[in-house]
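Given the structure is predicted, the values throughout are model-derived calculations rather than measurements. Whatever order the structure lists them in is the order used to number ligands and atoms, beginning at 1. Values reported hereafter were calculated over all heavy atoms of this structure, with side chains retained and with hydrogens, waters and symmetry mates removed.
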Amino acid sequence: MAWFKSKEKKQDFAAQVDFTRLPRHVAIIMDGNGRWAKRRGLPRSAGHGAGAENFRTIATYCKEIGLEYLTVYAFSTENWKRPAEEVSAIMGLLKRYLLEAIERMERDRVKMCFFGDLSPLPKELRLLCEQTREISQHYEGVQVNICLNYGGRDELVRAAKAFAQDCVEGRADPNHLNEANFSSYLFSCGVPDPDLVIRPSGEVRISNFLLWQSAYAEFYYTDVLWPDFSKADLLQALVAYQARSRRFGGVGR
Ligand code: IPE
Ligand code: IPE
Ligand code: MG
């Protein structure tokens, strides 16, 4: 088994990916930080730190291979349920991550956006999100969307409320509501739906991520924990994606 695993690891997935047929949009549920830390006898916060580092590596790699959109789940509307010290460690790490991202901005040149209600986040963090977004908006190449205090249901409720408000104020008409214009009320306004949703860590669930947008996404699960999820793991997911037959309700080819 060990031999088989190590042989599998050495596979050259890059040679198997057709880089002319990449998905436009890949979304990742960055899960498994806590278990990664536990296996090493470290505090959960160390896992979140390692996860943040890995996010930088994978985001930069996505730019390198020419992906258009990468959306990552960093903190959900449900993650506030965690012990206060873990939540505050995550907020601290996010702050540190964004400060470093701003420092490295000219080198990495990654366009960053945020999905989610940022208002309950610590003020300093909110301002850093805003600053990161503003400075990076003109960069070409991959657009990275970081989901912070994001929940798919919360996003849909907000969209419904905003639409209702527009109706009350005469800017919208319920008779003209359709899927396309409803999408414009979502955090993801203007971003194409994800083609591929990857969940590391062995969990096989959606956990309130991009509920509307992933209607026709391909799902890919792996047991690898997020901090260990390598460029080769991403390529392996792309190989799997390219072998799928997407029919969108039709009969395919
Ligand atoms: C994902 O890793 C990070 C966040 C949800 C913030 P977890 O912290 O959920 O890691 P596990 O699932 O406990 O291993
Ligand atoms: C989903 O992971 C949220 C993020 C990765 C940010 P969770 O660890 O919170 O999901 P559950 O609780 O296992 O469903
Ligand atoms: Mg988890």
Side-chain angles (χ1 to χ4, degrees), residues 25-59 62 69-98 100-101 112-122 124-126 128-129 132 144-158 186-188 191 194 196-214 217 219-230 233-234 237:
H25 185 174
V26 173
I28 305 180
I29 300 175
M30 301 190 295
D31 196 17
N33 296 348
R35 279 162 282 173
W36 183 92
K38 195 172 173 199
R39 279 180 199 174
R40 287 164 177 74
L42 298 170
R44 290 178 62 85
S45 57
H48 296 309
E53 267 316 306
N54 196 44
F55 162 61
R56 199 193 303 283
T57 306
I58 295 295
C62 286
Y69 297 93
L70 171 70
T71 300
V72 293
Y73 208 4
F75 192 85
S76 76
T77 44
E78 287 74 34
N79 287 149
W80 298 104
K81 290 180 197 158
R82 296 186 177 204
E85 62 182 37
E86 179 169 347
V87 171
S88 102
I90 293 173
M91 295 301 150
L93 279 162
L94 282 166
K95 199 179 110 187
R96 204 174 82 200
Y97 180 85
L98 291 177
E100 278 170 24
M112 290 205 250
C113 296
F114 296 87
F115 292 176
D117 173 20
L118 303 187
S119 64
L121 300 180
E124 221 182 330
L125 180 56
R126 233 168 45 227
L128 282 171
C129 292
T132 310
V144 176
N145 307 305
I146 303 178
C147 297
L148 268 188
N149 188 30
Y150 173 89
R153 287 187 167 186
D154 177 64
E155 179 180 42
L156 290 167
V157 170
R158 275 165 199 285
L186 302 175
F187 293 120
S188 57
V191 173
L196 171 64
V197 176
I198 299 173
R199 183 162 193 161
S201 92
E203 308 302 347
V204 185
R205 55 176 168 259
I206 194 76
S207 300
N208 206 8
F209 188 45
L210 303 178
L211 297 182
W212 171 279
Q213 299 87 339
S214 62
F219 286 87
Y220 179 86
Y221 299 97
T222 167
D223 287 341
V224 175
L225 302 174
W226 170 249
D228 289 331
F229 186 89
S230 63
D233 291 315
L234 176 66

Evaluating non-hydrogen atoms only, which member of E203, R199, E78 is closest to atom 2 (O) of ligand 2? R199
Short list, please: which atoms of ligand 2 are under 4.0 Å from a heavy atom of R205? 11 (P), 13 (O), 14 (O)
Minimum heavy-atom distance between L225 and P200, given as atom pair plus value: C-CB, 4.4 Å
Short list, please: which atoms of ligand 2 are under 4.0 Å from a heavy atom of F75? 6 (C)
Quick test: of every protein heavy atom, which one is nearest to atom 10 (O) of ligand 1, and how far off is it to 0.1 Å? G34 N, 2.9 Å
For atom 6 (C) of ligand 1, the protein heavy atom that lies nearest, with its residue and separation: A74 O, 3.4 Å
N54 side-chain N/O to F229 backbone N/O, donor-acceptor pair under 3.5 Å: yes
Considering only NZ, NE, NH1 and NH2 on the basic side and carboxylate oxygens on the acidic side, decide whether R44 and E85 come within less than 4.0 Å. no
Within a radius below 2.8 Å of the Mg ion (ligand 3), how many protein N, O or S atoms are present? 1
Can any side-chain N or O of N208 pair as donor or acceptor with the backbone N or O of G152 at less than 3.5 Å? yes
Over 12 non-hydrogen atoms of neighbours within 6.0 angstrom of CZ in R40: yes
Could you tell me the residue and atom name of the protein heavy atom closest to atom 5 (C) of ligand 2, and the distance to it rounded to 0.1 Å? M30 O, 3.6 Å
Looking at Y220, F209, Y73, which hits side chain to side chain contact (heavy atoms under 4.5 Å, CB included) with V197? F209
Please determine if N79 has a nitrogen or oxygen closer than 3.5 Å to a nitrogen or oxygen of ligand 2. yes
Tell me which protein heavy atom sits closest to atom 7 (P) of ligand 2, plus the residue, atom name and distance to 0.1 Å. R82 NH2, 3.8 Å
Check whether the side chains of T77 and R153 place a donor and an acceptor atom closer than 3.5 Å, and report yes or no. no
Donor-acceptor under 3.5 Å (R199 side chain, V204 main chain): no
Nearest non-hydrogen protein atom to atom 14 (O) of ligand 2, with distance, is S207 OG, 2.6 Å
Show the atoms of ligand 2 that are less than 4.0 angstrom away from any heavy atom in D31. 2 (O), 8 (O)
Within the structure provided, determine whether V191 and N145 are in side-chain contact (heavy-atom separation under 4.5 Å). yes
Could you tell me whether W36 and ligand 1 have an N or O pair separated by under 3.5 Å? no
Considering only protein heavy atoms, determine whether one is less than 4.0 Å from atom 12 (O) of ligand 2. no
At the 4.0 Å heavy-atom cut-off, does R35 count as touching ligand 2? no
Of the side chain and backbone of F209, name the one, both, or neither that has a heavy atom under 4.0 Å from an atom of ligand 2. neither
Residues S119, R126; criterion side-chain hydrogen bond (donor to acceptor under 3.5 Å, both in side chains); working and verdict: CA-CA 7 Å; S119 64; R126 233 168 45 227; over 6 Å; no
No-hydrogen, no-angle side-chain donor-acceptor test under 3.5 Å, H48 and E86: yes
Salt bridge flag under 4.0 Å for residues E53 and R56: yes
Aromatic ring proximity, centroids under 6.0 angstrom, F114 and F187: no
Which of the numbered atoms in ligand 1 are below 4.0 angstrom from a heavy atom of I90? 6 (C)
Below 4.0 Å from any atom of ligand 1, is there a heavy atom belonging to S201? no
